[in-house]
**Q** 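Have a look at the structure that comes next, please.
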Amino acid sequence: MSNILEIQNLECRYDDVPVVKNFDLSLAEGEIGCLLGPSGCGKSTVLRAIAGFQDVHEGTIRLKGIEVSTPRSALVPEKRKIGMVFQDYALFPHLSVAANIGFGLNKLSRSERESKVKKMLDLVSLSDLANRFPHELSGGQQQRVALARALAPEPQLILLDEPFSNLDTELRKKLSLDVRRILKELGMSAILVTHDQQEAFAVSDSVGVIKDGKINQWDSPFNLYHEPVNRFVATFIGNGCFVKGRLLTPSTVDSELGVITGNRSYPWSAGAPIDVLIRPDDIVFDANSKLKAEVNAKTFAGTSTLYRLQLDSGASIECLFPSHQNYNIGDKLPIKVAADHLIVFASGH
Ligand code: ADP
Ligand code: MG
């Protein structure tokens, strides 16, 4: 499959200070990628560079194999065939829904434009609201109009910058699934920017976890969770705690939680001090286990409850039990580790 987008060694600066550095990314045609990272890590800067609104100080950006940005030359944004959707919808307040969607279609004949707008309204399930104005719509509806407007001119790539941030949680979940369905229906290539991992996982095929302007890991949501490459990714994605231990063999560790054998090998010698990543779903209740931990906090979350448990050494771990399995603060629970994915980092690194 060919790549729609290739970024090599990108560097972007503000006032000579680099905020994006040594940034590489490839996006296959039809793929939905995501840039996920804390606020201020450089996500929007990368997106603006792809769209052509941001100078590139090092590296190259290619769209369908064609160089569009280098430190020496830049293709103007209008010629990049890129659609953008922002957090604040940015609809034209004095234009109807239909006119907003048709706005970028001035090269089409009237009848072509009308049929395209109709198709887009249908795609985002807003056919009934074609004549309304933006202020007569909910936030979720406005964002669907913004998406339809960006998709109408048939761009080769769609960029979405925190598109769900102004919406409440329920709507956010629903709209992120809608957006994925719509993009996949069109086979559209897209990059989503967000700081919310649930959103990233719901919408994207691949996610790049960014810290200080650099992708730490570009991977499937499953691998980011189960095979994080470093401590930043391990702690940024999902819940988890580190428990101290020692390597017994390249794929076995001994810790306060007992001996854990995993599916990958580590290069350090036997006895090396390490930290094992323990996810809440790695801990199971086992009535026969001699290993006990005391409940010192619990967070009810509907179908399940997240417990914080304290081990004898004072170290904390978290675990997730179905909410009908109810325990109280101070209870001592028999537990065991059931982890196939043994994630270990060298102590102090
Ligand atoms: P994100 O989208 O991940 O929150 P941004 O790409 O917006 O991050 O910003 C990255 C860094 O660059 C931040 O430290 C931000 O303060 C800085 N920055 C962004 N835009 C400008 C600007 N126009 N001038 C100076 N600094 C900026
Ligand atoms: Mg941003």
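These numbers come from a predicted model, not from an experiment. In listed order, ligands and their atoms are each counted from 1.
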**Q** Please say whether more than 12 non-hydrogen atoms of neighbouring residues, nucleotides or ligands are located less than 6.0 Å from CZ in F232.
**A**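 Yes, the 6.0 Å shell around CZ holds more than 12 heavy atoms from other groups.
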**Q** Are Y327 and F285 near enough that their ring centres are under 6.0 Å apart?
**A**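 Centroid separation for Y327 and F285: below 6.0 Å.
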**Q** Establish whether atom 15 (C) of ligand 1 and some protein heavy atom are separated by less than 4.0 angstrom.
**A**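 No, because not a single protein heavy atom sits under 4.0 Å from atom 15 (C) of ligand 1.
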**Q** Quick test: of every protein heavy atom, which one is nearest to atom 7 (O) of ligand 1, and how far off is it to 0.1 Å?
**A**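 Closest protein heavy atom to atom 7 (O) of ligand 1: S44 CB, 3.8 Å.
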**Q** Quick one: CG on L291 to CD1 on I283, what's the gap to the nearest 0.5 Å?
**A**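 Between atom CG of L291 and atom CD1 of I283 there are 7.5 Å.
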**Q** Does any N, O or S atom of S39, backbone or side chain, fall under 2.8 Å from the Mg ion (ligand 2)?
**A**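 No, outside the cut-off.
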**Q** Give me the nearest non-hydrogen protein atom to atom 5 (P) of ligand 1 as residue plus atom name, then the distance to 0.1 Å.
**A**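 Answer for atom 5 (P) of ligand 1: T45 OG1, 3.6 Å.
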**Q** In terms of side-chain geometry, is the basic nitrogen of E114 or K118 positioned less than 4.0 Å from the acidic oxygen of its partner?
**A**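 Looking at E114 and K118, the cut-off is not met.
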**Q** To the nearest 0.5 Å, tell me how far R144 CZ sits from M120 CE.
**A**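 Interatomic distance, R144 CZ to M120 CE, rounded to 0.5 Å: 14.5 Å.
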**Q** Quick check on G37 - does any of its heavy atoms sit under 4.0 Å from an atom of ligand 1?
**A**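 No.
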**Q** Identify whether the distance between the nearest side-chain nitrogen and carboxylate oxygen of R180 and D205 falls below 4.0 Å.
**A**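 D205 and R180: salt-bridged.
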**Q** With rounding to the nearest 0.5 angstrom, report the CD1 to OH distance, I329 to Y307.
**A**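 Answer rounded to 0.5 Å: 9.0 Å.
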**Q** Tell me the protein heavy atom at minimum distance from atom 27 (C) of ligand 1, and give that distance in Å.
**A**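 Ranked first by proximity to atom 27 (C) of ligand 1 is Y14 CD1, 3.3 Å.
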**Q** Mark up the atoms of ligand 1 that fall under 4.0 Å of a heavy atom belonging to V19, in ascending order.
**A**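 Selected atoms, number and element: 11 (C), 12 (O).
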**Q** In the protein, what heavy atom is nearest to atom 8 (O) of ligand 1, and what distance, to one decimal place, separates them?
**A**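 In this structure, atom 8 (O) of ligand 1 has G42 N, 3.2 Å as its nearest protein heavy atom.
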**Q** Please work out which of C41, G40, G213 has its closest non-hydrogen atom nearest to atom 13 (C) of ligand 1.
**A**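 Among C41, G40, G213, the closest heavy atom to atom 13 (C) of ligand 1 comes from G40.
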